[in-house]
Amino acid sequence: MNINQLPFINEIYGFLGRDLVAAVIGILIILVFVPLNSAFLVWVERKVAGHIQLRPGPMEVGPHGILQTLVDAVKLMSKEMITPKLADKFLFWLAPIIIIIPAIVCFVVIPFSPIMQVREMNVGILLIFSFSSLTVLSILMGGWASNNKYALIGAVRAVAQNVAYEIPLLLSTMSIIIMTNSFKMSEITAAQSTVWFIVYQPVAAIIFFISTTAETNRAPFDLVEAESELVSGFHTEYTGMRFALFFLAEYTNMFIAASMGAVLFFGGWHGPFFPGLIWFVIKVYVLIFVIIWVRWTFPRLRFDQLMNFAWKFMIPVAMLNLMITAVLLKVL
Amino acid sequence: MLNIKTIDDTSINERVYQLNLGPQHPSTHGVLHLLLKLDGEVVISADPIVGYSHRGHEKMAENRIWEQFLPNTSRIDYLSGLIYNQGYCMAVEKMCGIEVPERAEYIRVITSELNRISSHLLGIMAFVMDIGAFTPFLYGWDDREHVLDILERVTGSRLTYCYNRFGGVRNDIDQEFCDGTRRFIDRLRGRFKDYHNLITENIIFIKRTRGVGIIPEETALEFGVTGPSLRGSGVAYDVRKNEPYSVYPGFKFEIPVRKEGDVMARYQVRMAEMEQSMKIIEQALDGLPQGPIRARVPRFIDPPAGDCYFAFESARGAVGYYIVSDGTRIPYRIKVRTPSFSNLFVLTRILPGNFIADTIATLGSIDVVVPEIDR
Amino acid sequence: MAVKECSPVYVPHAERSLETKGSPAILGFAVLQDLLNLARVNSLWPMTFGIACCSIEMMAAGMARFDLDRFGIIFRSTPRQSDVMIVAGTISHKFVPTIKTLWEQMPGPKWVIAMGNCAISGGPFAYEGQYAIVNGADKILPVDIYVPGCPPRPEGLIQGLLQLQKKITKGTIDANRRAEKAARRAKK
Amino acid sequence: MPTEGQKKLLEELKNSFTRALPEGRITSGDYARTGCHLEVRMSDAGMRRIAREMKERRFHLETITAVDFPDSFELVYLYSTYYQDFCRVIARILISKEASPVSVSSIYPGACWLEREIYDFFGIRFTEHPDLRRILNPDNADYFPLLKTFGKTKLTEEIDDILC
């Protein structure tokens with residue numbers, strides 16, 4: 001059933017204009033998809049973590065605990081919202097909002113399948129990077145505003161970590177963009193119809209995944225909310241729905257990182273006989289499984305090792321890779 | 001370890017950031033309050049504040065008869081409860097000159113070594129969880145459950161045992177216990193391969209623990225550090241070897257010692273110590289004699305007046321009971337020398353100059369049980 | 001004196017569920033209250049807060065063999081994000097102010113489980129001349145569930161948590177009605 | 001049962017002590033019953049000289065404890081060696097109830113906490129101690145629990161009638 005067969009569709013087009021309708025529908029789909037996807041990811045993480053650790057994970061709520069995250073969300077909604085007395089009230093209230101906005105906006109440019117992309121922008125990759133660097137701002141806001149010593153240390157660490165790992169992320173993506181000389185996500189996907197870019201750029205892929213893991217503050221780099229050192233980092237003072245928003249944003253960022261990885265290196269929706277969307281979702285969820293798997297096996301890096309690893313190792317290698325790609329493109 | 005040049009006091013106080021690793025903190029494993037003065041992320045001074053789970057064991061000892069103090073011993077350090085039981089019974093037996101039958105000594109050694117393995121399993125895996133790897137904690141605990149099952153069959157409880165009596169032990173062990181122990185030991189040996197490549201060869205773990213929180217031998221001597229923390233700094237002091245008691249001289253086992261004295265050394269000493277304990281258990285099971293499990297002892301014992309000090313080796317270090325008796329049925333004074341008390345105080349000397357993350361790693365590697373400090 | 005200024009906060013259970021300002025204003029709606037309780041029950045987040053021997057058995061309950069995660073129970077490290085305070089161990093006088101601060105820092109509908117004899121009545125350490133401990137958590141906290149044992153087995157703790165779940169879902173509605181009547185009568 | 005290494009060390013210790021502590025009574029304890037090889041009995045001083053003596057021979061301070069006798073306190077210092085021929089020395093020093101002994105924490109830093117615990121339980125104030133404050137009981141507790149005269153405290157009565 002194509003959208004154009006709706007009864008009085010032409011009057012709407014005439015009145016609102018074709019792409020506005022598409023944009024509104026797209027945004028509605030995203031607003032439904034983001035919470036559901038995060039809820040599903042939280043459930044997947046708890047089940048995978050459970051099975052890695054010889055235990056079944058949530059089982060009581062719904063078959064195999066499917067509704068566990070939904071129940072958690074409802075409970076968090078009904079919790080008392082505490083604002084510490086000496087907290088910076090406005091920033092404390094603003095931080096969870098600022099963290100969720102970029103997470104949702106980045107979905108606009110992700111090409112789920114040839115026809116399913118909310119808005120075809122020629123600045124696709126740039127938009128994702130610029131918005132995803134906003135999350136650091138909200139972490140700093142949350143950490144500073146909650147007037148808690150652990151939160152402040154967590155926030156300061158978050159700023160240094162994200163700044164350090166933004167650069168290798170950009171450099172490794174630049175080497176892909178040089179090859180396709182366009183920021184359009186769909187063009188990057190189109191360019192990979194025959195051979196995926198991971199074959200050409202294995203080094204860039206590794207650097208990309210390490211820095212996205214660090215960017216979303218997960219696993220070996222989760223110094224921001226280090227459970228054993230900083231109690232729970234920047235969201236120590238947050239209760240109820242605000243904490244749920246931080247949780248939601250973390251898993252949405254994880255989904256965006258995995259989908260960017262899929263688009264840049266594993267050829268987006270390209271695949272032998274399944275339709276485009278199925279391939280895209282398979283690739284994304286495989287990458288998310290790898291991120292979860294890494295989290296439950298590796299210990300945590302110390303803060304100065306984290307910094308040295310980024311500045312002294314990742315950035316030089318990323319630059320070298322970029323130069324080699326440029327030279328090879330010139331020569332071939 | 002960062003060698004912070006000596007910061008003179010004037011420049012400190014405006015940049016000092018006082019952080020309470022408060023009584024309730026995920027990685028203090030109990031209620032230990034570490035007052036850190038930080039300059040940014042680097043620790044300037046650390047002052048452990050203890051006493052949050054002080055329960056007055058020594059005052060209780062002074063108004064109970066000798067037998068009534070037995071349950072208290074395993075609640076002082078609940079991770080090596082059986083070892084403390086054995087120590088208290090042997091101290092009183094030494095004062096009264098009670099002769100313990102051979103089989104009871106062997107049973108005591110087997111159960112104590114099993115208890116030591118279960119305590120090390122928890123100590124190591126909790127330390128690894130502080131470094132950030134959560135999964136080994138559950139694997140270590142899975143093994144620990146097997147030990148608890150074996151010990152529960154014979155002692156009746158999982159954690160706070162009261163199994164030893166003056167002159168022997170309460171229940172006898174049967175063939176099922178011996179086979180269960182042997183099966184457990186083979187299973188644990190197989191598991192050690194997983195632990196080694198999951199933790200010991202993990203590059204992040206090595207970077208986090210190599211050269212961190214070094215306790216030099218001289219400091220260890222000055223602070224009276226004992227146990228794996230001391231053996232990690234190059235001193236081969238183990239009460240079972242240096243001051244043999246019970247039937248330990250009959251078994252062949254070595255004391256694992258490392259020279260570096262850093263967090264990794266203490267971790268490796270504990271892992272090697274578990275293998276030694278398994279060797280002791282196997283030798284004890286092979287040579288288990290038949291016979292009574294308890295000597296003829298009057299219902300209430302009155303040790304002769306005088307005092308006695310009996311030292312033995314728990315999972316955390318050298319424990320000592322200093323008992324003063326005035327010949328009556330009630331002890332005059334019982335002082336329990338617990339290793340974690342001195343092991344924790346060494347932190348004030350070695351922590352300055354480290355990061356917060358190293359503080360947590362060092363605290364975890366010293367494997368402190370808080371009620372043992374607070375008594 | 002450390003203990004003097006902490007006045008007893010023992011509030012009878014019924015009245016306390018009124019006090020939870022956090023739950024939405026539409027308290028009167030029994031169905032919605034029931035639904036919310038059902039959600040609260042299936043994701044009780046206790047605080048990692050073990051004092052003594054019982055903390056080891058509490059950890060054992062969270063591990064692979066007894067796995068509290070099946071019931072949606074994750075241990076949270078901050079009081080801000082936890083609903084249940086499991087008092088696992090002996091409460092000494094030095095620790096009383098800290099426990100009270102932790103209790104007040106916990107948001108909204110919150111409950112207390114006194115785990116182990118020490119938390120119930122001082123356990124093996126309660127005797128005539130005891131100077132160091134408070135005889136039981138209910139002297140300073142409104143306790144909901146008592147889990148006896150020294151230490152109680154992990155199955156005991158899980159049964160305590162399930163008992164708390166029953167208490168939350170069944171108890172609230174009529175408790176609220178009775179509490180509202182009592183509050184109104186008290187005002188008259 | 002003592003090895004010849006131990007005997008040699010004990011002899012050496014005995015005459016060095018007789019030289020250093022003229023007023024102390026030095027007897028060799030029977031290890032089987034009391035667990036100590038050498039006993040030094042002093043009255044109201046000399047704990048620093050013993051500590052210095054022990055430090056030269058690389059003994060470590062196992063523990064310091066006090067025993068409340070009806071007429072006086074007895075401070076018990078236990079030293080033992082880490083190294084090969086194991087030997088334990090117990091030094092008993094009788095001090096009067098109001099005396100304030102000298103702290104050995106300048107020689108053995110580990111003694112700092114041990115002495116704080118003794119002050120916490122018995123009320124014996126050590127001079128020259130880095131920071132003598134309570135360690136296990138609440139800081140503003142006004143009782144010394146391990147004294148034999150210490151019965152039911154004002155504190156516990158207070159607790160019971162306030163809170164019950």
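Quick note: numbers below take in every heavy atom, side chains included, and nothing from hydrogens, waters or symmetry partners. Reminder, nothing fancy here: chain letters follow the sequence lines and each chain counts from 1.
Put simply, of C:Pro154, C:Gly62, C:Ala88, C:Gly122, the one with the most heavy-atom pairs under 4.5 Å next to chain B is C:Pro154. Most heavy-atom pairs under 4.5 Å with chain B, from the set C:Pro124, C:Ala64, C:Cys53: that is C:Cys53. Most heavy-atom pairs under 4.5 Å with chain C, from the set B:Leu138, B:Leu122, B:Thr28: that is B:Leu138.
Of the atoms belonging to B:Glu145, heavy atoms from both backbone and side chain fall under 4.5 Å from chain C. In this structure, chain C has no heavy atom under 4.5 Å from any part of B:Ile76. Residue contact with chain C, scored on non-hydrogen atoms closer than 4.5 Å, is absent for B:Leu32.
Inspection of non-hydrogen atoms places C:Ser77, C:Pro79 of residues 68-87 of chain C under 4.5 Å from chain B. Taking non-hydrogen atoms and a 4.5 Å limit, the residue list of residues 57-73 of chain B in contact with chain C, ordered by number, reads B:His57, B:Lys59, B:Met60, B:Asn63, B:Arg64, B:Asn72. Scanning residues 154-163 of chain B against chain C with a 4.5 Å non-hydrogen threshold yields B:Arg158, B:Leu159, B:Thr160, sorted by number.
Crowding of B:Arg170 atom CZ: a count of heavy atoms from other residues, nucleotides or ligands under 6.0 Å not exceeding 12.
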Query - Step-by-step ring pair (Phe, Tyr, Trp, His ring centres under 6.0 Å) determination, C:Phe95 to B:His54 - result: CA-CA 9 Å; C:Phe95 198 48; B:His54 171 59; over 10 Å; no
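B:Tyr321 meets the ring-ring contact (aromatic ring centres under 6.0 Å, His included) test with B:Tyr88, B:Phe312; sequence neighbours excluded.
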